[in-house]
Amino acid sequence: MTSLLATTLPSRFRWTDTLAWLPWIISAGIVGYAFLSGGYVVTLVVFALIYAVFVIGLNIFMGFTNQVSFGQNAFAAISGYTSAVLTTAYEWTTLPAIAVGVALAVLCAFLIGYPTLRLKGHYLAMGTLAIGLITYEISVEWSSVTQGYMGISGIPPLGIGAYEVTSDRGQLALLVVIVLILTFMSARIRTSRLGRAFFAVAGSEDAARALGVDVARYKLASFILSAACAALAGSLFVHVVGFVSPEVFGLHMVILSFTMLYVGGIGTVAGPLLGALIVSLLPDTFRAFKDYQDLAYGAVLILLLIYAPRGLAALFDRYVPAKKVGGAP
Amino acid sequence: MANPEPILKATGLSARYGHVEALKSVDMHVEEAELVAVLGPNGAGKSTLLRAIMGLVETGGTVHFRGKALPRHDTVAVASQGIILVPEGRGIFGPMSVAENLQLGAYRLQGGKGEYERRQARVFELFPRLKERLSQVAGSMSGGEQQMLAIGRALMADPKILLLDEPSLGLAPRVMTEILEKLRVLNEQGLPIVLVEQKAPLALKLARRAYLLSLGRIVAAIDPREVQSHDELARYYFA
């Protein structure tokens with residue numbers, strides 16, 4: 001954070017400004033490459049983009065507001081299963097099913113967040129971890145609806161009304177649009193009054209309170225926004241894959257999304273997308289290493305944490321001064 | 001000393017952190033346009049006194065502001081009435097720009113751009129350096145500049161009374177003097193100030209009255225004019 005480069009006047013152009021675009025250029029490059037080459041890479045990138053939706057939400061809660069949640073997968077599960085059940089057992093179309101799924105997850109986030117967010121630090125982490133585990137157990141045991149470990153198959157693909165997006169490239173294009181919209185929203189939040197309140201809560205709860213920021217309310221708002229993204233990701237996932245089982249939204253999802261958030265750059269706008277793409281593609285880039293693939297993947301993660309501790313996007317973000325100068329809030 | 005109605009009046013104010021009682025039945029008051037210093041050694045309860053007024057700790061007793069009792073445990077409500085704290089260690093939001101920090105100061109501002117500009121102009125008049133640094137990341141500024149920002153941010157809330165917790169902490173003597181001089185200017189404009197300070201001689205130069213806290217109690221009310229030398233002050237401390 002101690003950047004001496006940021007002391008110059010905001011109006012003057014500096015070559016470091018262009019560096020800020022690098023995470024976007026890299027992300028666009030990866031997605032563009034997938035689109036052109038087709039095949040297996042498209043599938044990888046499609047999953048990466050679904051995860052990006054999840055991580056954009058996680059970043060609002062953890063990066064902007066500096067809270068911890070190990071339980072966002074619960075909201076992905078709630079929405080994902082709602083989508084799956086409504087479209088298969090009740091033969092709903094995709095769009096309303098997703099809408100109901102996300103709304104239900106948001107309602108749960110409100111009910112769970114209200115008491116849970118009084119917890120701080122480690123206690124909040126444990127509390128949210130419990131939410132994820134409970135949801136997992138429910139998805140296993142409530143077999144009359146979820147069909148337990150067997151899962152639900154035959155879930156229809158994404159689409160509006162009669163028009164269904166079935167091709168790999170079509171799904172990729174649709175997800176790119178969704179991720180762009182969410183990234184734009186997260187960028188807007190960051191520079192808005194809401195975002196400043198999030199960052200104030202992140203900086204010091206007492207200092208925020210002393211300025212009249214209602215800390216509990218903004219923690220809840222951040223949690224709900226985060227849950228809404230997780231829920232959307234959950235629904236997108238089941239419609240893209242066409243199948244859902246408890247394992248889909250298990251602890252693996254938590255670990256993977258945390259890795260993406262930290263590798264990409266927690267608290268940055270470009271970080272979730274970049275992190276999701278790189279962490280999704282990294283293991284496969286080392287396929288030539290055969291038995292040592294996981295070793296190479298792990299080694300790269302460690303190197304990233306050493307040389308880019310605040311994430312890849314933060315490497316460039318650091319040099320960017322805040323764009324808005326003066327003016328009313 | 002019993003002039004008209006004090007703007008801020010604490011009666012039997014106590015505060016505790018778990019089982020530790022950090023503040024024991026303190027009575028103090030601040031009159032209109034007065035600068036009151038709160039002195040005392042480390043751990044005397046000076047910061048706790050300010051936090052208790054803001055309702056940031058578990059408290060007993062009452063605090064009256066302009067004759068009305070303040071709600072307890074509702075810092076937002078206290079701040080909304082114009083009682084603004086500049087916390088110890090400044091509490092500025094490091095990753096955000098100077099401009100964003102100032103915007104957060106005016107967080108409760110309901111009015112439009114005009115009022116915002118008016119408040120900002122006042123801050124820039126007092127601290128021209130903040131204007132130069134508007135787009136800079138707050139955490140990358142020097143300690144003195146951060147303290148200026150912390151005070152500037154508090155002023156953006158248009159305080160009716162300003163509570164400052166050790167603004168001189170960790171600053172070079174020259175910067176310290178500069179900041180205290182600004183506080184004097186603000187006070188002369190009519191802003192009541194409670195200044196918590198460990199460096200008693202500095203605070204006594206500005207203050208009209210001072211309280212000396214020790215082990216959570218007010219042990220003396222000091223008239224700065226009567227304290228002319230270090231020895232006399234030391235007597236208060238060790239009495």
Side-chain angles (χ1 to χ4, degrees), chain A residues 1-12 14 17 63-66 118 189-218 265-269 310-311 314 317-329, chain B residues 50-51 54-57 74-109 111-117 119-120 124 131-141 150 153-154 156-157 163 165:
Chain A
M1 249 169 288
T2 44
S3 155
L4 295 171
L5 285 167
T7 51
T8 42
L9 289 166
S11 57
R12 201 178 301 160
R14 287 167 301 129
D17 286 351
F64 292 3
T65 323
N66 197 21
R118 289 159 193 269
I189 287 172
R190 202 187 173 191
T191 54
S192 70
R193 186 169 185 267
L194 180 69
R196 285 196 293 276
F198 288 167
F199 273 85
V201 173
S204 156
E205 287 189 20
D206 279 352
R209 263 190 209 104
L211 291 170
V213 176
D214 188 339
V215 171
R217 205 171 92 196
Y218 284 106
I266 187 165
T268 65
V269 173
R310 290 180 59 239
D317 202 46
R318 185 186 311 179
Y319 302 111
V320 186
K323 284 182 191 73
K324 274 180 84 177
V325 176
Chain B
L50 297 189
R51 292 172 58 83
M54 294 303 296
L56 282 166
V57 280
D74 189 352
T75 307
V76 172
V78 174
S80 306
Q81 299 203 24
I83 304 171
I84 302 297
L85 170 71
V86 179
E88 190 177 9
R90 300 153 203 147
I92 65 150
F93 304 119
M96 279 194 271
S97 70
V98 170
E100 286 172 317
N101 269 275
L102 292 178
Q103 282 168 353
L104 267 163
Y107 190 78
R108 305 294 301 184
L109 174 63
K113 211 173 158 106
E115 173 64 12
Y116 185 89
E117 303 278 337
R119 292 184 188 179
Q120 202 178 43
F124 290 161
K131 192 175 185 175
E132 298 163 20
R133 299 280 157 106
L134 256 188
S135 65
Q136 187 172 339
V137 173
S140 69
M141 299 199 301
R153 190 181 64 184
M156 292 300 289
L163 315 179
D165 198 350

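When reading the values below, keep in mind they use all heavy atoms of this one structure, side chains included, and skip hydrogens, waters and symmetry mates. In what follows, chains are A, B, ... by sequence order, proteins preceding strands, each numbered from 1. Bear in mind the structure is a predicted one, so any value in this text is a computation, not a measurement.
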key: Which atoms of B:Arg119 approach chain A - backbone, side chain, both or neither, heavy atom under 4.5 Å   = neither
request  = Identify the two heavy atoms, one from A:Gly212 and one from B:Tyr107, that lie closest to each other, and give their separation to 0.1 Å.
outcome  = O-CD2, 4.0 Å
task = Would you mind telling me which of B:Leu104, B:Leu163, B:Leu85 has the largest number of heavy-atom pairs within less than 4.5 Å of chain A?
result = B:Leu104
request  = Determine yes or no for a side-chain-to-main-chain donor-acceptor pair under 3.5 angstrom, with A:Arg209 supplying the side chain and B:Thr75 the backbone.
outcome  = no
key: Part of A:Ala202 lying under 4.5 Å from any heavy atom of chain B   = neither
note = When every non-hydrogen atom of B:Arg153 is compared with those of B:Pro87, the smallest separation belongs to NH2-CD, 4.5 Å
query = Side chain, backbone, both or neither: which part of B:Phe93 has a non-hydrogen atom closer than 4.5 Å to chain A?
reply = side chain
ask   = At their closest point, which heavy atom of B:Arg133 faces which heavy atom of B:Met141, and how far apart are they?
value = CB-SD, 4.0 Å
